[in-house]
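Each chain gets a letter, A, B and so on, in the order the sequences are listed, and its residues count up from 1. Hydrogens, waters and symmetry mates are skipped; everything else that's a heavy atom, side chains included, is used.
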Amino acid sequence: MIIFSIILALLAILGAPLFAVIAASAMLGFQSQESDLMIMAIEIQSIASMPFLAAIPLFTFAGYLLSESNAPKRLVRLTGAMLGWMPGGLAIVCLAACAFFTAFTGASGVTIIALGAILYPALKQDGYGDKFNLGLVTSAGSLGLLFAPSLPLILYGVIAEVSIDNLFLAGILPGLLMLVMLSGYSLWVNRGIRKPLSSFSLAEVGAALREAIWELPLPVVVLGGIYSGFFAVSEAAAITALYVLIVEVLVLREIPLRELPRIMRSSMVLVGGILVILSVSVASTSYMIDADVPQRLFEIVQSLVSSQTTFLIVLLIFLLILGAILDIFSAIVLVVPLILPIAAGYGVDEVHLGIVFLAAMQLGYLTPPVGLNLFIASYRFEKPIMHVYSATFPFLIILMLSVILITFFPQLSLFFLSD
Amino acid sequence: MLVALLTTMMLVAVGQIIMREAFGTGFAWADELVRLIVLWLALVGSIAACRENRHIRIDALSHVLPDNVVKAIRVFVDLFAAAVCAVVAVQAWRYLQIEIEYEDTVLVNTPAWIAHVIMPAAFGLISYRFLLGALKQLGALLFGSIAETEK
């Protein structure tokens with residue numbers, strides 16, 4: 001059994017499709033229990049009985065549509081009009097716009113490509129240093145994972161069987177903390193420049209608002225609808241997708257109808273990749289629970305770690321390493337079922353655990369050698385990868401500090417959940 | 001197919017909200033249909049991910065190893081994936097036989113096997129795609145290196 005596990009781990013590192021590795025490990029597990037392998041089909045089919053899962057394809061599609069339209073441009077203009085008067089305005093505009101856009105598109109690579117292309121040249125023109133710009137845009141590309149309705153939050157809710165509404169509330173303060181700390185750093189680095197982007201003008205705000213009039217109802221409908229209990233997450237996703245489709249294709253006509261099948265297809269390819277991993281992970285998780293793996297892991301961890309604080313430190317280190325090698329979706333699906341009972345054993349709130357997990361995985365996007373954002377930025381802005389590493393490094397340190405704060409002050413994530 | 005699935009899902013889900021808010025009713029089958037579409041989207045999307053080579057992998061090594069080694073490894077791991085998917089397809093097929101035998105139903109009274117036939121079909125196709133991809137890659141590798149030595 002151990003030999004098989006090592007072989008599978010090797011295959012995964014060599015680049016075998018993750019879902020195949022997980023499926024193989026689940027089947028080996030079932031085989032060793034002498035269960036009928038037909039159980040695989042039943043487990044895979046169980047993704048058809050998970051509530052809220054429909055939100056993932058629907059939000060992904062809406063996000064792809066938004067990033068193909070001119071919505072990113074309008075978003076930058078609007079944030080510029082509202083925040084540009086501050087010293088170092090453009091840097092803050094960049095962070096806020098990226099966070100907002102990532103929350104609505106979930107898959108973080110899209111942000112760098114859609115917004116980076118507008119912001120990177122603009123920053124340069126405004127006199128910011130090239131290295132700073134590269135680091136800023138690269139790290140801003142994963143900001144916003146903690147804001148509703150990001151896909152990782154939804155996926156964590158589905159896997160951990162935690163209320164997604166609560167997760168959305170819990171992400172607000174930790175997400176803002178990251179935003180504020182990065183903004184503070186940007187202001188400090190550029191204290192020499194201190195140039196406001198523009199003076200505050202009500203007319204410009206009005207014009208930007210008018211231009212974005214069709215997209216403005218989105219956050220209100222999605223967040224308002226969910227929090228008021230008017231509809232569930234998956235319903236909000238359906239409305240968002242249909243609304244974005246009608247606005248961008250029929251009203252604003254920014255996406256020609258013949259492009260639609262291509263966009264639908266490419267968003268569903270991403271969804272298929274994520275959900276197929278989810279479906280086989282359901283199988284491997286149910287085998288592990290049968291074999292008491294979480295319980296045994298808990299006993300091992302407990303014999304080594306006594307206090308909650310030490311546990312959180314160990315967890316954080318583990319998550320940072322995990323984030324550097326696995327993408328956020330696979331990590332949630334594979335690891336959350338295992339650490340959830342362990343964390344519960346140390347009295348860590350499951351909503352708080354979710355926020356810590358995602359915040360740490362967000363760092364994984366930026367951790368050398370394999371952080372996804374680093375590669376996307378290097379590819380998109382045609383810079384050598386080593387250059388991107390060093391440009392992103394100070395931002396990585398700031399984000400790491402914020403993750404440590406988020407981890408050890410559960411009050412941040414549980415603030416709105418006091419009842 | 002993906003387009004049709006996604007469009008149906010949007011319309012059914014939104015339709016359900018309108019029914020509930022406006023008339024206080026809904027179709028019993030609508031929620032179940034949306035969930036089954038999720039299963040279909042997942043598997044059909046996954047077939048497409050194969051063709052476009054967009055399945056999630058740990059690709060750290062491909063950034064450090066020489067190109068030919070990466071390609072050779074790719075052939076090997078894709079053959080492995082093809083084998084795994086073939087096993088899953090066979091098991092899903094067996095499951096389907098049993099569902100037909102017991103006349104399980106979904107969506108009020110549709111036979112369950114119609115909804116679940118996608119499982120063996122999708123994994124079968126994925127397996128085939130991986131096999132084909134690996135063989136093509138292998139051919140290119142061998143053929144490429146022969147061409148080089150002839151020079």
Side-chain angles (χ1 to χ4, degrees), chain A residues 11-21 23-24 27 37-42 44-45 47-51 53-54 56-58 61 231 234-235 237-239 241-242 245 260-261 264-280 325-327 329-330 369-370 375 385, chain B residues 2-3 5-7 9-14 16-17 21 32 34-39 41-50 52 54-64 70 73-74 76-78 80-82 84-85 87-88 91-96 98 115-116 119-120 123 126 130:
Chain A
L11 279 166
I13 293 169
L14 285 177
L18 273 177
F19 86 93
V21 176
M27 287 195 288
L37 281 186
M38 212 160 56
I39 197 167
M40 277 307 282
I42 300 169
I44 289 168
Q45 177 199 318
I47 63 166
S49 55
M50 289 183 183
L53 212 54
I56 291 181
L58 291 169
F61 172 56
F231 37 63
S234 44
E235 294 175 332
I239 292 181
L242 197 64
L245 179 69
L260 207 53
M264 281 188 164
R265 213 187 123 78
S266 83
S267 62
M268 286 312 105
V269 166
L270 175 76
V271 169
I274 297 171
L275 290 186
V276 78
I277 290 187
L278 173 63
S279 70
V280 292
I325 49 176
L326 263 190
D327 74 282
F329 297 110
S330 320
V370 291
F375 286 109
I385 188 82
Chain B
L2 282 169
V3 176
L5 284 170
L6 186 61
T7 315
M9 177 150 101
M10 265 188 298
L11 293 178
V12 172
V14 173
Q16 183 77 349
I17 302 169
E21 295 303 329
E32 199 183 356
V34 168
R35 290 178 189 183
L36 282 173
I37 295 178
V38 173
L39 177 72
L41 270 181
L43 294 173
V44 179
S46 173
I47 303 172
C50 257
E52 298 181 14
R54 276 176 54 188
H55 266 296
I56 297 174
R57 317 166 179 257
I58 301 178
D59 61 352
L61 280 182
S62 66
H63 299 292
V64 286
V70 171
I73 291 177
R74 188 47 81 77
F76 175 65
V77 294
D78 281 1
F80 160 76
V84 172
C85 292
V87 177
V88 176
Q91 299 303 334
W93 179 250
R94 284 181 51 220
Y95 174 67
L96 212 62
I98 291 182
H116 295 155
M119 285 194 289
F123 277 97
I126 294 171
F130 272 126

Closest approach of B:L39 to A:A48 (non-hydrogen atoms, all atoms of both residues)
CB-CB, 4.0 Å
Between B:I56 and chain A, which part of the residue has a heavy atom less than 4.5 Å away: side chain, backbone, both or neither?
both
Locate the shortest heavy-atom distance separating B:V38 from A:A54; write the atom from each residue and the value.
CG2-CA, 3.6 Å
Can you list the steps and then say if A:I44 with B:V88 is a side chain to side chain contact (heavy atoms under 4.5 Å, CB included)?
CA-CA 10 Å; A:I44 289 168; B:V88 176; 3.7 Å; yes
So what's closer than 4.5 Å to chain B heavy atoms on A:I277: side chain, backbone, both or neither?
side chain
Between A:S266, A:S234, A:A237, the one whose heavy-atom pairs under 4.5 Å with chain B are most numerous:
A:S266
Could you check A:L11 against B:F76 for side chain to side chain contact (heavy atoms under 4.5 Å, CB included), going step by step and ending with a plain yes or no?
CA-CA 9 Å; A:L11 279 166; B:F76 175 65; 3.7 Å; yes
For chain B, which of A:L260, A:I42, A:L278, A:V271 has the most heavy-atom pairs under 4.5 Å?
A:I42
Atom group of B:L11 that falls short of 4.5 Å from chain A, counting heavy atoms
side chain
Give the member of B:A49, B:S46, B:C85 that has the highest number of heavy-atom pairs under 4.5 Å with chain A.
B:S46
Side chain / backbone / both / neither for A:L245 at chain B, heavy atoms under 4.5 Å
side chain
Relative to chain B, which of A:M27, A:M268, A:M50 shows the most heavy atom pairs under 4.5 Å?
A:M268
Is chain A contacted by the side chain of B:I98, its backbone, both, or neither, given a heavy-atom distance below 4.5 Å?
side chain
Here the pair of heavy atoms bringing A:R265 nearest to B:A48 is NH2-CB, 3.8 Å
Where is the tightest heavy-atom contact between A:A41 and B:M119, given as atom of each residue plus distance?
O-SD, 3.5 Å
Is it the backbone or the side chain of B:I126 that comes under 4.5 Å from a heavy atom of chain A, or both, or neither?
side chain
Over all atoms of both residues, closest heavy-atom pair of A:P17 and B:V77
CD-O, 4.4 Å
Between B:F80 and chain A, with a heavy-atom cut-off of 4.5 Å, which part of the residue counts as in contact: side chain, backbone, both or neither?
side chain
CG on B:L43 to CD1 on A:I47, rounded to 0.5 Å
6.0 Å
Shortest non-hydrogen contact from A:L275 to B:A42?
CB-CB, 3.4 Å
